[in-house]
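All values derive from a computational prediction rather than experimental measurement.
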Amino acid sequence: MTLETLARNRSCDGWHLRCRHRSATLACDMTFAVYLPPQAAHGARLPVLYWLSGLTCTDENFMQKAGAHRLAAELGLILVAPDTSPRGDGVPGDPDGAWDFGHGAGFYLNATQAPWATHYRMHDYVVHELPALVEANFPASAARGIAGHSMGGHGALVCALRNPGHYRSVSAFAPICAPSDCPWGEKAFTRYLGPDRAGWAAWDASLLLADAPERLPLLVDQGEADSFLATQLRPERLRAAAEAAGHPLTLRLHAEYDHSYYFIASFIDAHLRHHAAALAG
């Protein structure tokens, strides 16, 4: 798969790149960002942390706002941030132009309903196509972690729970924990997956925990001043499901923190160290 480099910036003695390629999975051009720490110049194959961003975001938000490059450089972690949905003139978006569906809102699932099923296969893209591309074109090993924020936190949890052995670590900031039972998730699932709620369970982290074949520890941080906490995120559902299944979960609540990248930047170091420890094992 051919990569086009759109931008290249020096950062913390490493390099931040924006790249574009033609995605066979999504049937459109896709842009993603990669941070290569300084160790990448020395020939070693390094572990990779995949970051999934939230609604309305692109590959740029995390790389520019999270402040993750400095510690990633110290730890020798490659960071990869894909876009949040397929895009392009031939890719359908929300018919009403809403921000919480369609472009920028792929929900990291594989759509089954027309007209979305042709392009909206973000799960397969994130889990299979993108890592194959990264590992073929950069000094990346097969030691993978996955993390994300909000819709991307939902995606990170689901990708890890659905693919045992594919990731060594997982974490999330303010994830949509029970998308089958919140307005954002109900809207997206109805359109992408159809009205039969039985099919939604395969994309809901709180429901997947009961039968998860791998007990990969979950690290979740949530701000208590998050305006979406009660109606959209519902971390209590994830906690209850983890307790019922005996699944290891560290859920940390932070007073006065909201849903923004100020929250992510405040605690990103703990997440990077969480992943680095697991990926070095």
Side-chain angles (χ1 to χ4, degrees), residues 9 11-14 16 33-37 47-84 104 108 145-160 167-178 182 184 205 216-239 242 248-280:
N9 304 97
S11 179
C12 299
D13 294 326
H16 169 260
V34 56
Y35 175 69
L36 299 174
V48 185
L49 176 61
Y50 291 86
W51 173 271
L52 308 184
S53 291
L55 289 163
T56 75
C57 292
T58 69
D59 62 282
E60 296 184 283
N61 297 73
F62 175 75
M63 293 296 191
Q64 293 181 5
K65 296 180 178 181
H69 288 182
R70 189 173 303 282
L71 186 56
E74 177 185 324
L75 297 172
L77 274 179
I78 295 175
L79 306 176
V80 174
D83 202 348
T84 51
Y108 304 103
I146 192 163
H149 171 230
S150 194
M151 177 186 71
H154 142 76
L157 296 174
V158 168
C159 286
Y167 301 101
R168 295 187 186 177
S169 56
V170 58
S171 73
F173 286 86
I176 303 172
C177 293
C182 76
W184 282 340
L216 198 64
L218 311 181
L219 171 62
V220 176
D221 278 308
Q222 173 64 60
E224 292 185 319
D226 191 322
S227 60
F228 303 116
L229 176 59
T231 58
Q232 303 283 12
L233 306 179
R234 309 198 66 182
E236 74 281 357
R237 294 285 293 274
L238 188 70
R239 188 200 299 275
L249 166 67
T250 300
L251 173 59
R252 305 187 299 201
L253 302 177
H254 303 274
E256 301 182 336
Y257 281 92
D258 59 19
H259 200 69
S260 71
Y261 263 85
Y262 297 110
F263 169 51
I264 295 170
S266 297
F267 300 101
I268 190 62
D269 283 7
H271 283 244
L272 294 178
R273 294 189 188 281
H274 164 79
H275 288 281
L279 293 169

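- If you take CG on L251 and SG on C177, they are separated by 7.5 Å, rounding to the nearest 0.5 Å.
- K65 NZ to I264 CD1: the interatomic distance, rounded to the nearest 0.5 Å, is 9.0 Å.
- When every heavy atom of A66 is checked against every heavy atom of I268, the shortest pair comes out as O-CG2, 3.4 Å.
- Every residue two or more places apart in sequence or in another chain that forms a side-chain contact (heavy atoms from CB on, under 4.5 Å) with A276 is listed here: L75, L77.
- In this structure, the side chain to side chain donor-acceptor pair (under 3.5 Å) partners of D258, at least two apart in sequence or on a different chain, are S260.
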Donor-acceptor pairs under 3.5 angstrom involving side-chain atoms of residues 48-58: please list them, not counting sequence neighbours.
unit_1 : atom_1 : unit_2 : atom_2 : d
W51    : NE1    : S53    : OG     : 3.1
T58    : OG1    : E60    : N      : 3.1

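- Residues forming a side-chain contact (heavy atoms from CB on, under 4.5 Å) with Q232 (at least two apart in sequence, or on another chain): C182, P183, W184, F228.
- In this structure, A147 and A156 approach most closely via the heavy-atom pair C-CB, 3.6 Å.
- Residues passing the side chain to side chain donor-acceptor pair (under 3.5 Å) test with H154, sequence neighbours excluded: none.
- For R234, the salt bridge (charged side-chain N to carboxylate O under 4.0 Å, His left out) partners two or more places apart in sequence, or in a different chain, are D181, E236.
- Taking the ring pair (Phe, Tyr, Trp, His ring centres under 6.0 Å) definition, one finds that Y35 meets it with H69, sequence neighbours left out.
- Heavy atoms only, all atoms of each residue included: A72 and P37 are closest at O-CB, 3.8 Å.
- The two residues D59 and A81 make their nearest non-hydrogen contact at CB-O, 3.2 Å.
- Between Y261 and H149, the gap from one ring centroid to the other is short of 6.0 Å.
- Applying the side chain to side chain donor-acceptor pair (under 3.5 Å) test to E224 and every residue at least two apart in sequence or in another chain returns nothing.
- Nearest heavy atom pair, residue L216 against residue Y167, reads CD2-O, 3.8 Å.
- By the side-chain contact (heavy atoms from CB on, under 4.5 Å) test, P248 pairs with R215, P217, sequence neighbours left out.
- With sequence neighbours excluded, no residue forms a side chain to side chain donor-acceptor pair (under 3.5 Å) with R70.
- The ring pair (Phe, Tyr, Trp, His ring centres under 6.0 Å) check on F267 picks up H254, Y257, F263, with sequence neighbours excluded.
- Rounded to the nearest 0.5 Å, atoms CG (L238) and CG (L233) are 11.5 Å apart.
- Counting all heavy atoms, side chain and backbone alike, P175 lies closest to G153 at CB-C, 3.6 Å.
- Residues satisfying the side-chain contact (heavy atoms from CB on, under 4.5 Å) test with L219, not counting sequence neighbours, are S171, T250, R252, H271, H274.
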